[in-house]
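Heads up, the thing below is written out as structure tokens.
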Amino acid sequence: MAKNQITQLSIHPDAPFDFDYTAYSHGWVVLSPNVWNPERRELQRTERLAGGKVVSLLIQGPGSVEKPEIRIEVSHSGKLSAGQEQEILAAVAHMFRVDENFAEFYKLCKKQGRRWKNLARGLGRLLRSPSVFEDVVKTICTTNIQWGGTKRMVAALVETFGTAQDGNPAFKTFPTPHAIAEVPPERFGKMVSLGYRSDYIHLLARRVSSGELDLSALLDPAISTPELKKKLLAIKGVGNYAAATLLMLLGRYDELPVDSVFRQFVSKKYFNGERISDPEAQAIYAGWGKWKYLAYWFDIWEGFDEKV
DNA sequence: TTCCAGGGGTAGA
DNA sequence: TCTACCCATGGA
């Protein structure tokens, strides 16, 4: 077997950009196939390119917030074409939201004062997956289950339906829709313990694999947020909480992810632990306009102003 | 054993 | 639009 080649790629995002906080911004960093090394501050991930080639990515942020750089060490067999390099660069830029503009959010943060103004030094980007399919599947795996269960289910999907790189069987890609769709639904349910989510994820994989549903079209900025939410709610397994999470992953922060964590947090912090209605809880963030999700996220993530 | 989790679908009103 | 009820799975 030929030894894998290494190719170094690099992205230079506009400042301010904080690699560490973006990588570690929420639970996605520890969901397979992502592997985060906290000591070395590296994100490792195995990726399948459009033509089927499987590569391993080691993603680092050696620059500073003011002179940011995302460095990608690609381990691959054979030669990497210019098109494949572009594909990898685009995938990583998408994961780290290199093209998103947070100036308006930072303005609100500075106005808010105290700890909020710390966000304006390049935070606000929440890590996402290279594909919308992966983000929808992972989001469905966060519903009505504890976080440990989410990690278990996603890891099982990758282990069972992912593709390993030659010579590197320990790490696999996130499954393609086709890899899931080609297995009969009943068998799929038995192969990975996803509970009642199994049918939703298999149906999603079938619709995407057949071309009936184009999830990448959801990234179109021309779609209004209400219209986008409607499209998300039309996906079986996606309700209000999951739609708000997916809107965030698609770069829209208008909606709050109302789940048990949100309810408990707002009740404890703003209502002395009293039982409150969802509209009362949501009203806390009304002043943040189209940035409500981020306001809530950094309200609950108290550690953001310490080094991760 | 029972409860419930980073809820959602469906039927019926 | 709102409510009641059901839905697998596994940890606490």
Side-chain angles (χ1 to χ4, degrees), chain A residues 24-32 34 36 126-129 132 134-161 180 183-207 213 215 218 226 228-250 252-270 273 275-282 284-285 292-304:
Chain A
Y24 205 75
S25 51
H26 67 134
W28 255 221
V29 73
V30 294
L31 286 185
S32 192
N34 291 337
W36 173 249
L126 272 61
L127 189 72
R128 56 185 176 183
S129 306
V132 179
E134 181 176 332
D135 275 342
V136 176
V137 171
K138 286 181 169 175
T139 300
I140 290 175
C141 287
T142 66
T143 60
N144 200 20
I145 197 160
Q146 291 174 328
W147 183 243
T150 300
K151 288 196 280 188
R152 172 185 56 77
M153 292 191 294
V154 173
L157 278 169
V158 170
E159 178 57 34
T160 312
F161 294 99
I180 293 173
V183 176
E186 306 75 36
R187 188 148 165 259
F188 175 68
K190 286 178 184 157
M191 290 172 82
V192 278
S193 299
L194 305 180
Y196 60 83
R197 302 162 200 83
S198 169
D199 288 344
Y200 300 146
I201 289 171
H202 196 272
L203 174 62
L204 176 74
R206 288 204 306 276
R207 293 183 67 202
L213 181 63
L215 288 175
L218 300 179
L228 190 54
K229 186 182 178 187
K230 208 169 158 185
K231 287 176 187 289
L232 291 168
L233 288 172
I235 299 171
K236 295 263 188 208
V238 174
N240 283 323
Y241 153 79
T245 302
L246 284 164
L247 282 171
M248 172 277 283
L249 291 164
L250 293 166
R252 320 280 183 118
Y253 305 100
D254 315 51
E255 302 267 337
L256 290 157
V258 180
D259 58 7
S260 58
V261 174
F262 175 83
R263 293 186 180 102
Q264 282 169 30
F265 170 73
V266 175
S267 164
K268 192 176 169 193
K269 179 159 182 179
Y270 297 100
R275 197 180 175 84
I276 46 164
S277 70
D278 288 347
E280 281 177 302
Q282 287 169 288
I284 291 293
Y285 300 100
K292 288 191 274 293
Y293 190 108
L294 290 182
Y296 159 61
W297 193 254
F298 288 100
D299 200 14
I300 198 168
W301 184 19
E302 293 193 339
F304 75 74

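Protein chains get the first letters and strands the later ones, always in sequence-line order, with residue 1 at the start of each. For clarity, every value in this text was computed on a predicted model and none was experimentally measured.
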Give each protein N/O atom lying under 3.5 Å from an N/O atom of nucleotides 3-8 of chain C, with the pair distance.
unit_1: C/dA8; atom_1: O4'; unit_2: A/Y196; atom_2: N; d: 3.3

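Within the structure, a side-chain polar atom (N or O) of A/S193 is placed less than 4.0 Å from OP1 or OP2 of C/dG10. When the side-chain nitrogen and oxygen atoms of A/T245 are compared with OP1 and OP2 of B/dG6, none of them lie within a distance under 4.0 Å.
Between the P atoms of B/dC3 and C/dC6, the separation comes to 15 Å (whole Å). B/dG8 sits 22 Å from C/dG11 when the P atoms are compared, rounded to a whole Å. Comparing the P positions of B/dG6 and B/dT2 gives an interatomic distance of 22 Å, to the nearest angstrom.
Once the 5.5 Å centre distance and the 30° plane angle are applied, the aromatic ring of A/Y241 is found not to be stacked with the base of B/dG7.
In this structure, A/K138 places its NZ atom 19 Å from P of B/dG7, rounding to the nearest Å. What separates CG of A/L157 from C1' of C/dT9 is a distance of 14 Å, to the nearest Å. What separates CZ of A/R263 from C1' of B/dA5 is a distance of 12 Å, to the nearest Å.
Of the candidates B/dG8, B/dG6, C/dT9, B/dG8 carries the atom nearest the A/T143 side chain, counting heavy atoms from C-beta on.
Here the shortest heavy-atom pairing between A/V154 and A/S32 reads CG1-O, 3.1 Å. What you find for A/I145 and A/R152 is that their closest heavy atoms are CD1-NH2, 4.1 Å.
Taking a 4.0 Å limit (strictly below) on heavy-atom distances, residues 232-240 of chain A does not reach DNA chain C anywhere.
Salt bridge status for A/K229 with A/D254: absent, with no side-chain N to carboxylate O gap under 4.0 Å.
Shown here are the ring pair (Phe, Tyr, Trp, His ring centres under 6.0 Å) partners of A/Y241, two or more places apart in sequence or in another chain: there are none.
A 6.0 Å sphere centred on NZ of A/K190 holds no more than 12 heavy atoms belonging to other residues, nucleotides or ligands.
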